[in-house]
Amino acid sequence: MAYSIAGKVALITGASAGIGRATALALAADGAALALCARSMDRVQPVVEEARAAGAAAVHGFALDVTKRRDVESAVVSLPADFQQIEILVNNAGLARGLEKLWLDDPENWEEMIDTNTKGLLYVTRAVVPGMVERGVGHVVNLGSTAGWLAYAGGSVYCGTKAAERSISEGLRIDLLGTGVRVTSMDPGMVETDFSKVRFGGDTERAAKVYAGLQPLTPDDVADAIRWAVTRPQHVNVSSLLLTSIDQANSVTLNRKA
Ligand code: 8X3
């Protein structure tokens, strides 16, 4: 029987857009209580409203930059009382910057990707998981990628952060064995979001070319898979889920028409 997440608290990082927003709405539809954060409160607020309308038991929005360890620690301890008992953590905040040969790339890009995708994920996990262990229940969903399974040209550091996510998820799953806390690595391929626009510094034309001639996943496809993973019976752990559209076989093998 499916596990009910009605009334359970889910914390989602990077909730203002893309997969984070879609996941918020999917879990809202199942009646979860949502703590939603992103760097800008202005960008989270509309999703807070949407999640309320979608059926969330309660919604709390707040600004958080996951790269700031002290901010992460204080944000988690200062959550309103009703949101303290986090049962689902979706470590979604992440980004790519640039697509360049490693030895030519701007190290600032590396810093931002490693700080967000790797260190940010660790900081939030470190702040939230002790409570889950104490309560004997919880589910950490980390956003990985096909990029963590197979590197591609110009993406070594981004792919490295996603390979790190895969390894961290695996290690965390081992460390949490026997605690009642589940760990899922959700690993999508191409998803049409602002991902490529962010990667190319707002160059929408270049971003559009990434998805030209093929059918990418939608944020809702990934959110649906996350919703499925967190509603499996409690004895089931979806360890990892590699999810691509029908036009993608791996990081580099695509069915691009014309
Ligand atoms: C996103 C997938 O292939 O655009 O993680 O890097 S890809």
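Residues: numbered from 1 along the sequence shown. All values reported here derive from a predicted model rather than from experimental measurement. In each ligand, atom 1 is the first atom listed, and ligand 1 is the first ligand listed.
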Out of all atoms in ligand 1, which are within 4.0 Å of some heavy atom of Gly189? Include the element for each. 2 (C)

Charged tip of Arg182 within 45° of Tyr3 ring normal and under 6.0 Å: yes

Ion pair present between Glu170 and Arg166, side-chain N to carboxylate O less than 4.0 angstrom? no

Is the NZ or CZ atom of Arg199 positioned over Tyr158's six-membered ring, under 6.0 angstrom from the centre and within 45° of the axis? yes

Hey, is Asp247 close enough to Lys257 for a salt bridge, meaning N to O under 4.0 Å? yes

Taking N or O atoms only and a 3.5 Å limit, does Tyr152 qualify as a polar contact for ligand 1? yes

Judging by distance only, is a nitrogen or oxygen of Ser251 under 3.5 angstrom from one on ligand 1? no

Just to confirm my output: which protein heavy-atom neighbour is closest to atom 4 (O) of ligand 1, and how far is it? Phe195 CE2, 3.4 Å

Can you name the atoms of ligand 1, numbered from 1 with element, that are less than 4.0 Å from a heavy atom of Ser145? 1 (C), 2 (C), 5 (O)

State, with a plain yes or no, whether a side-chain heavy atom of Leu242 is found less than 4.5 Å away from one of Trp149. yes

